[in-house]
Amino acid sequence: MTSRTSSLTATNLSMRFGGVDVFSDISFAVRTGHVTGCIGPNGAGKSTLVNVICGVYCPVGGQVFLDERLLTGASTVEIVRRGVSRSFQDVRIFPTLTALENVQAAMPTRHGEEVYSFLFGYQASERTNRAVAMGLLDELSLADVAGRTAQDLPFGQQKLIALARTIATGAQFLLLDEPAAGVELDLIPRITALVQRLAQQEQRGILLIEHNVDVIRAVAEDAFVLQGGRVIAHGGCQQVLNDERVIKEYLGRIYDA
Amino acid sequence: MGSIQTLAIGLGMAGYYALVAVGFGLIFATLRIFHVAHGTVFVTGGYVFFFLHRLYGFDLATSAAIAVACAAILGVAIDRVIYIPIMRRGGGMFAVFIASLGVALIFDALYLVLTKGVLAIARTDSLQIWNVGAIALRQYDMAMVVLVLVIFLLLYLWLHRTRTGLEIRALTDNEMLAGTVGMNVDRTRNSIFLIASAMAGLAGVLTAYDNGINPDSGNRTLFIAVVAVILGGVRNLLAGTLLGSVALGIITAFAMFLYPEWVTFCIFAMMIVLILFRPKGLFG
Amino acid sequence: MSRLAGIRAHASARISLFASLAMLGLAASATTALAQAAKGEPVKIGVTYPLSGPQGAWGQLLLPAIEISVAQRNEAGGINGRPIQIVVEDTKGTPDGGVSSMRKLVQVDGVPAILTIFTNVVSAQIPLARQFQVPIISPVEAPGLVTNTQYAFAHSPLPSRTVPIVGEVWKKQNVKRIFAFYPNTPIVKFLSPIVKGEAEKLGATYDEALFKLGDSDFRGLITRAKDFGPDAIFIMGHGTPDEGAIMKQIRELGIQTPLYGGCACITVKSYREAAGKAADGLIYGGFKYDRAAAAKLIDAYRARMGFDPDYASLEAYDMINMIADSAAKNGVSGSAIREGLANLKGFKSIGGGLVDMNDNQTVISVGLYKVIDAGKPEFQEITP
Amino acid sequence: MEHLLFIGNLICVWIIFSLGANLVIGYTGMMAMGQAAYLGVGAYTAAGLNIFFGVDFFTASLAGAVVAAVVAVLTFLPLLRLDGFYFALATLGLNFVFFDLFHNLAPRVEGSEGLYGLEMPYIISRPVGLFIAILGATILCVAICWRLDRSPFGRALRATRDKPEALQSLGKDPRKFQISVWALGGAFSGLAGAIYAATLFYIDPTLFTLNTSIAVLVFIGVGGLASIPGSILGPVVLVAFTEGLRFIGLPSTLTAPIQSALYGLLLVLLMMFRRQGLVGNYDFKD
């Protein structure tokens, strides 16, 4: 990454669909080298939050900043170019591409990807991209399915490919929408290890949206809890997870169930 | 003077468009099927009528009744034999659309072989006209306008006073129901295709009696009907289609009057502009 | 009836197709020329006519006349003892169909000459005729179309001769406003200036409208004419039923203006039927022929079809004999037949009289006619 | 023999046209129903330049491809925001609009009733020379598509087709790829049109109707979507079949309807039983 930024900040974000508030007054910050967790029940507005940050929807109130620069209002593509990329809860993998191609398609290089450059002169950058993509897949134990068409793979593996794809964009900030949901249990440690490595070694800032509290507990330093469209707790991860209100409103229900 | 005469002609043409368009709109609004073969159903009505009346000497009423029945059966058959199996095999709206084009091609070819593509006019005599000042009104057109209005009234009653009508309106309002193939929807589906195709068949009969049809007439009329439906708005089926058809009839007649070489151009340019700026329709 | 005739023509074409398919497998198209040299081997003549589409009805009425012509010629000894065999291809009346069927006839069947029809088809075939060195002959009525090329010939009365005699009627009746209908095809390029010129000569106001072949409702277009308030309406095109339908719709819009035409298309059954009663009173300039001289065609045609042949059938009858005469004199290759056609002198037309080829175009006699009853049909020659 | 070369030329024209359409429909998943319009633009441009301005044929063909690409992009930009049926319908409407343009400009334009005096360089003025040149152009087009298929650009096109919004979330604008491929498809169609004009020696608006657009849909539908072998196989099989109909002694009145009915039947059967075609890699999008 060329531009070094240090934080992605949301201030007083509000979103409304057809007169119904999805969330209101949400503020948080994601810093490079850190993982921020976001938990909350279904329908709490987590995915909408990601969509708002990424420019899919325009918030009815509040702003998102990348350091000092305003991000709100820019197009999705522009936002990714500035260094904020996201994954989808419902995967949205490219079904007819192979696992490897899925990851390669996300690489930011433009060599051979234009209508005037596809004939020649992209071999070197393709080789590099391929190596990087293979490395990512390897890290997620997907090296042996790299050549298989994505739609033929089980859901869990698709999810991991989508994760690899998001990482491959090279964005400084990653918004991961439930990366561990639907993934086989024995793969979860690999995901947490990867997320930790991204934060610590590559100095990326990660917003980790998860249902699985254990995952949050394992990797996140900070966390906030979204409930009924509001942040009900915010702070250090341990502190938040031990918050009485959180346990009562949210965690309690999970543990009960 | 020419403009009033053109207006009268346009209103007459609107009758045919309305009959084809309302059926197409009904199928599109309820089942999300882009039924290109609706044009085929239209010419089938016309050809059956033409063959029975002109070649086999049946009287007008019998030929017309058989023709409308054939068109109605063909419409239902296309749905049951082609559309439903495709949807059962996981084909989407585009698959049905393309298959529908295929059906239209097959029938075009059939009528081309049967008629060599020569214009089929079911009447031999001239039509009676009334001269009102310098304006010539054909009695046939006026009778047809009345007929179309009566049919639309009946359609209104059918959609608002019967159980099937209620189900159809539910389909129009709920996109989730549409496109599903299930036991409950099947009967409603049949009624939709039956009624829509019968109306297209009737339009075919009327056209074949009036100025005649050739194998191309189906597609031409269908695309005009599509524009009429888009113009009127899919959501607003009866009133919208009627208004859309009237508008289109007048526009086509005027295009023919003012820029005769550019009629097709006008219709399709208008369609593109509509799709771009008012996909929900002018009146929707 | 007419369909049966078509099938018969194809049955003979089929045999030759199999033969040529076999040859195609062996090699080159040159072999067809060798095969024809054998004694008694038929001489093939290609026919590219519309058998479907807007002009298909007419094409199917013309085929029997060609077959009668071929049969009578063969009885009379054919081409130096060799029978004539026609190979028919459907052009659908489109340039596209014209070119592909001509390619097939020349390159697969190896025909040395082709009978064809309609300006738009002929226009597209002319470059091909030059390339293949295969003469095409047609009753096109487009002035100048065939004169600038070596391999295309026409045998018909030109509108440059028929329209002026209609113009004399206009002059006599002191016509001041003329409205014309043409199809929206390249034929307008030839026709429009002639009629316009005629109007200018009279000092009459002139306007025109182009209709689309294959349309069926022309009323919007006709309203233009109504608005113009003409005292003469002129209709001419490819002789498709569309023109008849326009006549009918003119009357159904309450226009009682006299109708005029520049060809004898009303003698064509499909055209006449489309017009119905509306064509009664139509005045046209067209091919003038002697019924007694044409009896051997008219009687044979009547016996087969149940009604009289139209003027273009007579022209087609002539054209078969023109090709046969040229081939008999110069040989059966394309260039030999072309040579013969180009220098044709004193050819005895079925319509009576002798015609010469002048600049690739024959000059045949024209007359002025009035339709008394289109239903019967009954036509009367008149003088302006 | 000459006739076989002619059929070979026709097949080449349809292969180039199919490759272009397959880039748009198969690789990028855009339901283009009016590709014949660009075929016409290419044909008219090349023929017009050659006949009226004396431009040599190779340059004129290239110009045909370029103009078709430009026209394609200009007509595509307003349609960018449409999706599904409305996009298909709009492109279909474009076909009619262009047909009327060709048709109405034709009657009074000198040479419109046939390409008189299309000037060919000596080397391709003979049937064999022409065939070799056309075959060469076809091989070049196949090679370009083959490179494209394996390039990052091809991958991006397939990604655009599969999940445009996901591609967007990866920082790449799917619209850019759609416009690019539409231009490329237009260029292929335009080149095919120029070659078509050279093959037939004349052009006429009736060559560029909706039927031609549907024919290419059948070609790639039968051959296979998003597949180069499919784009070649479709035209080869279908043109050989329909031209073969002429040789089995079928009356020529029946060849056109049989071809049309066959195409219709193939469309129906394909949609029912094999939506990806013979060797295709992709289904018709929902």
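Order of the sequence lines sets the chain letters (A, B, ...), proteins ahead of strands, with each chain counted from 1.
In terms of non-hydrogen atom pairs under 4.5 Å with chain D, the most contact-rich of Thr96(A), Thr76(A), Ile79(A), Thr149(A) is Thr96(A). Of all the listed residues (Gly112(A), Ser87(A), Ser85(A)), the one sharing the greatest number of non-hydrogen pairs under 4.5 Å with chain D is Gly112(A). The choice from Gln104(A), Glu78(A), Arg81(A) that makes the most heavy-atom pairs within less than 4.5 Å of chain D is Gln104(A).
Partners of Phe188(D) by ring pair (Phe, Tyr, Trp, His ring centres under 6.0 Å), not counting sequence neighbours: none found.
Arg150(D) has its side chain out of reach of Glu126(A): every pair of non-hydrogen atoms, C-beta onward, lies at least 4.5 Å apart.
Val80(A) and Gln168(D) get closest at one heavy-atom pair: CG2-O, 3.8 Å. Between Phe94(A) and Ala166(D), the shortest heavy-atom distance links the atoms CE2-CB, 3.9 Å.
Listed in order of number, the residues of residues 61-71 of chain D that approach chain A to under 4.5 Å between heavy atoms amount to none. Residues from residues 169-179 of chain D that place a non-hydrogen atom less than 4.5 Å from a non-hydrogen atom of chain A comprise Ser169(D), Leu170(D), Gly171(D), Lys172(D), Asp173(D), Lys176(D), Phe177(D), given in numerical order. Contacts between residues 115-123 of chain A and chain D, defined by a heavy-atom separation under 4.5 Å, are made by Val115(A), Phe118(A), Leu119(A), Phe120(A), Tyr122(A), Gln123(A).
Both the backbone and the side chain of Leu148(D) have a heavy atom closer than 4.5 Å to some heavy atom of chain A. With a 4.5 Å cut-off on non-hydrogen atoms, Leu167(D) touches chain A through its backbone and its side chain both. Residue contact with chain D, scored on non-hydrogen atoms closer than 4.5 Å, is absent for Ser125(A). With a 4.5 angstrom heavy-atom cutoff, Ala159(D) touches chain A via backbone and side-chain atoms both.
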